[in-house]
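For reference, the structure discussed in these notes is given below.
Here, residue 1 is the first one in the sequence, and each next residue gets the next number. All heavy atoms count here, side chains included; hydrogens, waters and symmetry mates do not.
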Amino acid sequence: MNLIVAVSENWGIGKDNNLLFHLPSDLLYFKEKTINKVVIMGDKTYLSLPKRPLPKRTTIVITLDKDFKEDGVTIVHSVPELLQEVKKYLSDEVYVCGGGTIYKLLLPYCKLAYVTKVKAGKEADTFFPNLDEAKEWKLLKKGKQQEENRLKFSFDIYENTKIKE
């Protein structure tokens, strides 16, 4: 299992259930990484999507809400249930997509983290763990710096050194 996230300089990922930045290149990167793959997200993240479920993806929503129902989506209610469900898929074709609570719950199970690092501070109420300070994570590939909408960013890849495949 992998994850994909965009973070600010202080590892902020969202405010009021919205993304912090509008970067078309990052949205395209997300699409390229997850198209025809499996995406996992919490119910709040799922409900914040402009188009549900995301086209050409298998969507798994993890929620504590036993009444949550949505056509075209697999719904699970616990991490053990999710881990059982994802056994149906190739591990490298599964992407955790948020939000903050789901990232923290599933981070230990992820092999790779695709992190769009935006060189900007922005007020956030939801944060991602700082992988630069996490001893079990190492920077595998530093992406080249790009700029869009007056924001500098890179597509970096981190590896969880505790997961061996």
Side-chain angles (χ1 to χ4, degrees), residues 1-7 11 13-14 17 19-65 68-118 126-132 134 136-144 146 153-165:
M1 192 162 39
N2 302 308
L3 68 85
I4 188 163
V5 65
V7 302
W11 293 82
I13 60 171
N17 210 35
L19 298 175
L20 294 180
F21 306 102
H22 178 71
L23 290 170
S25 295
D26 179 54
L27 296 174
L28 182 60
Y29 182 70
F30 176 87
K31 183 177 181 180
E32 287 171 353
K33 288 286 175 205
T34 63
I35 201 84
N36 298 317
K37 306 275 175 44
V38 178
V39 292
I40 298 168
M41 62 193 75
D43 54 358
K44 285 188 228 150
T45 298
Y46 178 77
L47 292 172
S48 76
L49 297 174
K51 187 181 263 189
R52 303 188 298 255
L54 290 172
K56 297 185 180 176
R57 294 165 189 90
T58 299
T59 302
I60 301 173
V61 174
I62 183 167
T63 177
L64 294 174
D65 181 355
F68 189 88
K69 304 258 185 283
E70 191 76 20
D71 290 340
V73 172
T74 300
I75 298 167
V76 298
H77 300 286
S78 68
V79 172
E81 188 180 352
L82 172 72
L83 296 176
Q84 193 60 38
E85 180 65 30
V86 297
K87 285 181 181 178
K88 298 176 183 174
Y89 308 99
L90 294 173
S91 179
D92 63 343
E93 294 190 355
V94 177
Y95 286 83
V96 177
C97 304
T101 301
I102 303 305
Y103 282 130
K104 287 178 184 110
L105 271 175
L106 300 178
L107 188 63
Y109 303 98
C110 293
K111 173 70 174 159
L112 297 175
Y114 294 87
V115 180
T116 302
K117 267 197 182 159
V118 182
T126 308
F127 294 85
F128 190 86
N130 183 336
L131 297 185
D132 291 326
E136 65 273 10
W137 287 88
K138 71 172 185 179
L139 181 63
L140 193 63
K141 181 181 177 212
K142 177 76 179 154
K144 85 175 170 93
Q146 302 178 47
F153 63 96
S154 59
F155 297 121
D156 300 347
I157 303 171
Y158 289 80
E159 180 180 34
N160 184 341
T161 59
K162 287 193 171 183
I163 295 181
K164 303 291 177 218
E165 288 188 283

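For the side chain to side chain donor-acceptor pair (under 3.5 Å) test, residues two or more places apart in sequence or in another chain that qualify with Lys88 are Glu85. Not counting sequence neighbours, the partners of Ser25 by the side chain to side chain donor-acceptor pair (under 3.5 Å) test are Glu148. Remark: Asn130 engages Trp11, Asp132, Glu133 in a side chain to side chain contact (heavy atoms under 4.5 Å, CB included) (not counting sequence neighbours). Residues meeting the side chain to side chain donor-acceptor pair (under 3.5 Å) test with Lys33, sequence neighbours left out: none. Among residues two or more places apart in sequence or in another chain, the ring-ring contact (aromatic ring centres under 6.0 Å, His included) test is passed with Phe21 by none. Residues passing the side chain to side chain contact (heavy atoms under 4.5 Å, CB included) test with Leu140, sequence neighbours excluded: Leu112, Lys138, Ile157, Glu159. Applying the ring-ring contact (aromatic ring centres under 6.0 Å, His included) test to Tyr29 and every residue at least two apart in sequence or in another chain returns Phe155. Among residues two or more places apart in sequence or in another chain, the side chain to side chain contact (heavy atoms under 4.5 Å, CB included) test is passed with Pro108 by none. Partners of Ala6 under the side chain to side chain contact (heavy atoms under 4.5 Å, CB included) rule, at least two apart in sequence or in another chain, are Asp26, Thr116. Tyr114 is linked by a ring-ring contact (aromatic ring centres under 6.0 Å, His included) to Tyr95, counting only residues two or more places apart in sequence or in another chain.
Surrounding NZ of Lys141 are at most 12 heavy atoms belonging to other residues, nucleotides or ligands under 6.0 Å away. Crowding of Phe127 atom CZ: a count of heavy atoms from other residues, nucleotides or ligands under 6.0 Å exceeding 12.
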Stepwise side chain to side chain contact (heavy atoms under 4.5 Å, CB included) test for Val96 and Tyr109: CA-CA 10 Å; Val96 177; Tyr109 303 98; over 6 Å; no
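For the pair Val118 and Leu23, the tightest heavy-atom approach, listed with the atom from each and the gap, is CG2-CD1, 3.8 Å. The two residues Met41 and Cys97 make their nearest non-hydrogen contact at CE-CB, 4.4 Å.
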Name the atoms and distances for all side-chain donor-acceptor pairs under 3.5 Å in residues 47-62, with sequence neighbours left out.
{"residue": "Ser48", "atom": "OG", "partner": "Thr45", "partner atom": "O", "Å": "2.7"}
{"residue": "Arg52", "atom": "NH1", "partner": "Leu47", "partner atom": "O", "Å": "2.7"}
{"residue": "Arg57", "atom": "NE", "partner": "Thr34", "partner atom": "OG1", "Å": "2.8"}
{"residue": "Arg57", "atom": "NH1", "partner": "Pro55", "partner atom": "O", "Å": "2.7"}

Result block: side-chain N/O donor-acceptor pairs under 3.5 angstrom for residues 69-78, not counting sequence neighbours:
{"residue": "Glu70", "atom": "OE2", "partner": "Tyr46", "partner atom": "OH", "Å": "3.3"}
{"residue": "His77", "atom": "ND1", "partner": "Thr63", "partner atom": "O", "Å": "2.9"}
{"residue": "Ser78", "atom": "OG", "partner": "Glu81", "partner atom": "N", "Å": "3.1"}

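Under a 3.5 Å cut-off, the side chain of Ser91 and the backbone N or O of Met1 do form a donor-acceptor pair.
Atom OH in Tyr158 sits 16.0 Å away from atom NZ in Lys111 (nearest 0.5 Å).
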